[in-house]
Amino acid sequence: HTWLLAPAAAATIAATIWLNLSAAPHARSTITIPELPLIYWLLCFGFYLVADGISVAVCWQYGRRAGPGTLRQSLRIFGLSRLFGCLLWILFPAYLLIRHTALLGYIPPLTGIELLLQAGSVLLPGTDSARYNLAQRRILWALWPLWQSLTNAIPNPTPPARGSRLGALATTNAAVN
C-alpha cells in the first residue's frame, strides 16, 4: 500500500502550501491565527494523524516480531510516543472546532510525554551499545599485559595459516613469522 502514500502525501503538502499562500498575510502559522482556513489545519493534522498512526502500527508489529531485548522494548516505547503524538493531532482539531482554551493546556504535558518516550526509545539501544563497548574495553584492558608479553617474546606474532589449532601446535614455528 506504500504506492498510495506518496501521492497522498504530495497532494496534502501541495494543498496545504496552496491554502497557506492563498490565505491573508500572517506572520506565523499557529492554530490561534484566524487567517488560515479550517481546512488547512484539518489537512495538516489529518496528515500527521495518519502518519503517526502508521508509525504506531509498524512499531507495534515489528516490536512483536523482535526477539526479547532492547529492540522490542525500544520499538514499543517509540510506538507509544507516536500514540501520544496521535492524541495531539486529535486535540488540535478539537480545539479548532470548539475553541475551548482549556484544551490548549493539555498540549505541553502531552508533548513532554511524547518527547520523553522518544528519548527513552533511543536511550535503550544506546545504553546497550555503550554497555557492550565498555565490556569490550575491559577485555582489552585485561589482555593488554598478555599482549605486551607476547610482543616482547615474539616481535611479529601472526596467527597460523588455515588449518586446525592442533595442527598449528604440532609445528614449532607456526606462530612466528
Side-chain angles (χ1 to χ4, degrees), residues 1-10 12-13 29-31 44-93 103-177:
H1 303 314
T2 54
W3 61 273
L4 288 173
L5 293 177
T12 303
I13 291 168
S29 296
T30 62
I31 61 173
C44 275
F45 300 144
F47 178 78
Y48 287 131
L49 181 62
V50 169
D52 278 348
I54 291 170
S55 295
V56 169
V58 168
C59 286
W60 279 93
Q61 178 183 4
Y62 283 94
R64 278 195 321 264
R65 291 182 188 175
T70 56
L71 178 61
R72 168 179 273 186
Q73 295 166 347
S74 183
L75 284 169
R76 288 187 171 177
I77 292 171
F78 188 78
L80 187 61
S81 79
R82 300 317 320 135
L83 191 61
F84 275 95
C86 287
L87 290 175
L88 285 169
W89 304 129
I90 292 170
L91 186 66
F92 285 129
L103 291 175
L104 296 177
Y106 294 109
I107 293 171
L110 283 175
T111 303
I113 292 169
E114 174 192 9
L115 296 177
L116 282 173
L117 288 170
Q118 283 180 16
S121 72
V122 172
L123 183 66
L124 282 175
T127 303
D128 239 15
S129 178
R131 193 175 339 171
Y132 175 79
N133 194 339
L134 186 59
Q136 295 300 309
R137 289 180 186 272
R138 280 191 201 122
I139 291 169
L140 287 173
W141 184 262
L143 290 176
W144 185 258
L146 179 63
W147 179 255
Q148 291 301 311
S149 296
L150 177 66
T151 55
N152 286 337
I154 304 170
N156 295 318
T158 57
R162 291 185 176 205
S164 69
R165 284 191 214 174
L166 190 57
L169 288 176
T171 60
T172 54
N173 290 334
V176 179
N177 196 3

Review point. To the nearest 0.5 Å, what is the distance between CG (Leu140) and CH2 (Trp147)?
Key: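 Rounded to the nearest 0.5 Å, the CG-CH2 separation comes to 11.5 Å.
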Tell me, please, which residues at least two apart from [X] pass side-chain contact (heavy atoms from CB on, under 4.5 Å).
{"X": "Arg65", "value": "Gln61, Tyr62"}
{"X": "Ile139", "value": "Gln136, Leu143"}
{"X": "Leu88", "value": "Phe92, Ile107, Leu110, Thr111, Glu114"}
{"X": "Leu117", "value": "Ile77, Leu80, Ser81, Phe84, Ile113"}

Which donor-acceptor pairs under 3.5 Å do side chains of residues 120-128 form with protein atoms, sequence neighbours excluded?
from: Ser121; atom 1: OG; to: Gln118; atom 2: O; distance (Å): 2.7
from: Thr127; atom 1: OG1; to: Leu123; atom 2: O; distance (Å): 2.7
from: Asp128; atom 1: OD2; to: Thr70; atom 2: OG1; distance (Å): 3.0

To check you understand the geometry: which heavy-atom pair defines the closest contact between [X] and [Y], and what is its length?
{"X": "Pro145", "Y": "Ala142", "result": "CD-O, 3.4 Å"}
{"X": "Ala8", "Y": "Thr12", "result": "O-OG1, 2.8 Å"}
{"X": "Phe78", "Y": "Cys59", "result": "CD2-SG, 3.5 Å"}

**Study point:** With Asn133 via side-chain hydrogen bond (donor to acceptor under 3.5 Å, both in side chains) - residues at least two apart
**Key:**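 side-chain hydrogen bond (donor to acceptor under 3.5 Å, both in side chains) check on Asn133 returns Arg137.
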**Study point:** Qualifying salt bridge (charged side-chain N to carboxylate O under 4.0 Å, His left out) pairs with a residue from residues 52-63, counting only residues at least two apart or across chains
**Key:**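 Output for this query lists Asp52-Arg82.
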Exercise for review: Kindly write out the residues that satisfy salt bridge (charged side-chain N to carboxylate O under 4.0 Å, His left out) with Arg72, not counting sequence neighbours, or none if the list is empty.
Suggested key: none
